[in-house]
Amino acid sequence: MAAKRKTSKRKKLKIAVLISGRGSNLQALIDAQKNKGYPAEIVLVLSNVAGAPGLARAKKAGLPTAVISHKDFAGREPFDAAMTAAIEAAGADLVCLAGFMRLLTDAFIARWRDKLVNIHPSLLPAFKGLHVHERVIETGARFSGCTVHFVRPEMDTGPIIAQAVVPVRADDDAEAVAARVLEQEHKIYPLAVKLIAEGRVRVVNEIAVIDGATAPTGALINPGKV
Ligand code: GRF
């Protein structure tokens with residue numbers, strides 16, 4: 001008799017990705033789920049901008065898309081309620097903000113508490129908000145990076161799930177730092193989603209605890225060789 005096939009098929013975590021623009025982080029998630037063993041699957045790509053280039057990436061990958069324009073609503077509450085309805089209808093259990101450029105209401109954030117993640121192009125809690133890379137250069141910081149975190153009402157706050165660090169070089173401009181950081185964003189977003197999908201991320205006293213995670217050893221020093 002043929003050996004019984006291992007039935008370790010855990011159900012994949014269903015995710016909705018919210019975008020407003022380019023969608024390169026969406027692309028990283030699309031690429032990650034091409035791997036059969038990846039434990040999450042995108043069930044909806046939702047944009048508030050009809051012409052967002054990220055929508056074309058989603059369509060190319062055969063993913064369901066929706067456009068809900070904030071301009072069609074009288075305020076943030078009904079707009080966010082419409083987004084929640086679409087996300088619920090798609091059956092998503094996790095919402096990933098990936099360059100979604102609208103502020104969210106407290107009600108939306110509460111509805112998706114610990115099921116709503118964001119990627120930000122700095123080492124939070126430093127450099128919240130916009131124009132991060134310009135400000136990094138202006139301050140002379142020797143390192144920058146990116147953060148995936150659960151979303152809380154205060155902008156760019158919430159339990160940190162994953163971070164990556166990159167050096168800032170003396171001759172860098174904001175574009176150079178942005179490109180270096182973005183490369184890492186495309187690694188840590190799929191990683192963070194994978195950890196959540198595997199059920200390995202718990203929020204304890206507003207800290208994200210990751211079961212079985214190890215931290216790298218050693219340190220980075222910048223300037224390096226002098
Ligand atoms: C990324 O830098 C992300 O960190 C920030 O918005 C940008 C979105 O880029 N939240 P993309 O649309 O994923 O290419």
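Ligands are counted one by one from 1 in listed order, and the atoms in each one are counted from 1 as well.
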| query | Looking at atom 1 (C) of ligand 1, what's its closest protein heavy atom, distance included? | reply | Glu185 OE1, 3.1 Å
| field | Option with minimal heavy-atom separation from atom 11 (P) of ligand 1, where the choices are Gly99, Cys146, Ser24 | value | Ser24
| Nearest protein heavy-atom contact for atom 9 (O) of ligand 1: which residue, which atom, what distance? | Arg22 NH2, 3.1 Å
| query | Taking the six-membered ring for Trp, are Phe79 and His70 parallel (under 30°), tilted (30 to 60°) or perpendicular (over 60°)? | reply | perpendicular
| query | Does Gly23 have a non-hydrogen atom less than 4.0 Å from ligand 1? | reply | yes
| message | When you measure from the heavy atoms of Ile119 to every atom of ligand 1, does any distance fall below 4.0 Å? | response | yes
| field | Pairing of Asp80 and Arg111 as salt bridge, 4.0 angstrom limit | value | no
| Less than 4.0 Å between a side-chain N and a carboxylate O, is that true for Glu41 and Lys194? | no
| field | Ion pair check, Lys34 and Asp31, cut-off under 4.0 Å | value | yes
| message | I'd like to know if Asp211 and Arg202 make a salt bridge, using a cut-off of under 4.0 Å between side-chain N and carboxylate O. | response | yes
| Is any N or O atom of Asn25, backbone or side chain, closer than 3.5 Å to an N or O atom of ligand 1? | yes
